[in-house]
Amino acid sequence: MDIPAMRANFAKAAAAGDEAPLWFYSHLFLSHPETRQLFPVSMAHQRDRLFAALGEVVARVDDLDSLVPILQQLGRDHRKFGTVAAHYPAVGASLLATLEHFDEEWNPALAADWTAAYGLVAEVMVAAADEAAGDPPWWGAEVVAHDRRTPDIAVLTVRPEAPLPYVPGQSLSLETDLRPRLWRYYSPANAPRDDGSIELHVQARDGGPVSSALVRLAGVGDLLRLGPPLGSLALDEGSDRDLLLVAGGTGLAPLKALVDQVARQGPQRRVDLFVGARTEERLYDRPALERLAREHPWLTVTLAVSDDKLSALEQGDVADVVVRSGPWRSRDVRIAGPAAMVEDTTARLVASGVAPDRILGEAFAASRPSPDVDGGVTE
Amino acid sequence: MSAHETAPQSAERRLTPADVSAVRFDRGSMLSPGYDLQQVDRFLNRVGHELMRSTQEKAELRDRVQELQRQLGEVGTPEPPSDQAVRILASAQLTADNYVAEAEEFSRQITSDARTQYEEQLKQARESAGAIIHAAHEAAARMAREGGPRETDGASVEELQQQVAYLEAFGRAVRTQLRSYLEALITDVESEWGKADPGALPARPVAVPAQRSVEHEPNVVADVTALPVPSVDAGPGGEDR
């Protein structure tokens, strides 16, 4: 395989920008109309993602150790989109047609190399998907409670119809029939329960099709599809250090799950949970948090508002409040919330002496689409 | 659309999802509150029939699909699409993407404007209510110091207490109304777009009876603008805004 020639060829298609993936998908849908229904109406975000992912594959093609796990994850994760083995040759043919279309110097040797390379990629992805065939590609789940806490935040309780194993701190992708083919990530706000029910905190983003539908249109009895769990905020099993948890907005969800985990499974440790919001009204889960703090002597909950002068709560950005209440050098730290808040809090904690490797943060961006090629769920 | 319009003897007209979401029942009588039982039963009966028919059709279609797939397997692979066809589909896709993006942007603007307005008004209401309650407490404390109820600025302690209670209720009412205003506005935006799913498109346009299209006009925005705005002359102690 002539890898430099393949990279040069790919660079030509990538240089065409949006035009290349647009051409690719149009070719795919014309040759195999049945694949169109696997995608959302608007393909704009999809196009960005496809070439980013292909670019990653091409960049790592001579580093199989790092490429193979990525492909396996992609193969497993694509099951929930309804991708089956029969789709892979269709995609391969359109990919080749695209690479040919954007390269004046296309030749049979390139065609043979790309056919072989794509064959390998597809083989790894299909094999990983087959291995995962014991797990459902997605879990149907029924909304059993829908509680509008503020005009734009709702707490949903959903019950998967089959057991859905996950670790507190992880996220699940989710699709609703109200917005077909759009998957978004949400974090369970509880450790796994005996009845399997899962609490989700959803903030409707302005113009966000999925989040606003979940808050404003979804109701009890609706069915959702949940994808396999992913994500990074889980506690370090080898550590029993005390915890510092810092939440902004609905970033509270995974951290509340960690509190639940400590309560149910231990090990016993002190937990300080800081929750920040702009106004007191937006602290949508306050009663539950205050109840947890009363029930568990090891838990301290501090609520902070950044834009509500009349409130009697702690005033200031949550990062300020956290650092003011320190030092936190002996703690494991988990941070979840808007990207700016996660970065700010992380930087200030590191500056105050917390070891960076004890801090894990996850940004809850306005749109949390499918994982990138590294399996990260944030942008 | 009401239940008696949908449930007529026209056994041929199929029940559509739109019929189900638009169905309205008459209120029962004083003696039996709730919906008119007969209408509801009749409608449930229709839904049951429709489901049964759909299930049967699904089974038949599944057989047909399997049959066709077998036939398809015998035919060779199709010709690759021409460049021209690809270009035409690409430009159609781009147009669709732009419409979706515009709809999202429109929804973003409306929602964010509505929320800004809501938060601003809520803040003002809270601040002015807070200031008045504070003043009332001060007045009460002053009267207590001066020994017993006495007329101050023409208002007795009892009146002030009433005023405080009223203002608290006023604050709650403002909050509730702003909230429902915002929700109605947003629900309207939501229902206007975004349900699009290529798989859900009917094979050919469905004829919609004319009288229904009128009732389908989303009228939510018009409704909420007609919501009574809490008015200051509704009680004592109101301020300018």
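So you know, we letter chains A, B, ... as the sequences are listed, proteins then strands, and number each from 1.
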Taking a cut-off of under 4.5 angstrom between non-hydrogen atoms, the residues of residues 82-90 of chain B near chain A are B/D83, B/A85, B/V86, B/L89, B/A90
Residue set satisfying side-chain hydrogen bond (donor to acceptor under 3.5 Å, both in side chains) with A/W114, at least two apart, ordered chain then number -> A/N9
When the 4.5 angstrom heavy-atom criterion is applied to B/Y118 and chain A, the contacting part is side chain
Quick note, side-chain hydrogen bond (donor to acceptor under 3.5 Å, both in side chains) partners involving residues 167-176 of chain B, not counting sequence neighbours, are none
### Query
Between B/K123 and A/T279, is any pair of side-chain heavy atoms under 4.5 Å apart?
no
Note: vs chain A, highest number of non-hydrogen pairs under 4.5 angstrom among B/R115, B/E105, B/Q109 is B/R115
- For A/S42, does its backbone N or O pair with a side-chain atom of B/Q93 as donor and acceptor, under 3.5 Å? no
Applying a strict 4.5 Å limit to non-hydrogen atoms, the region of A/E19 in contact with chain B is neither
Salt bridge (charged side-chain N to carboxylate O under 4.0 Å, His left out) pairs touching residues 125-134 of chain B, sequence neighbours excluded, are A/D308-B/R126
For A/R149 and B/R179, the nearest pair of non-hydrogen atoms, with its separation, is O-NH1, 3.9 Å
Discussion item. Do B/D97 and A/R47 make a side-chain contact, defined as non-hydrogen atoms from C-beta onward lying under 4.5 Å apart?
Written reply: yes
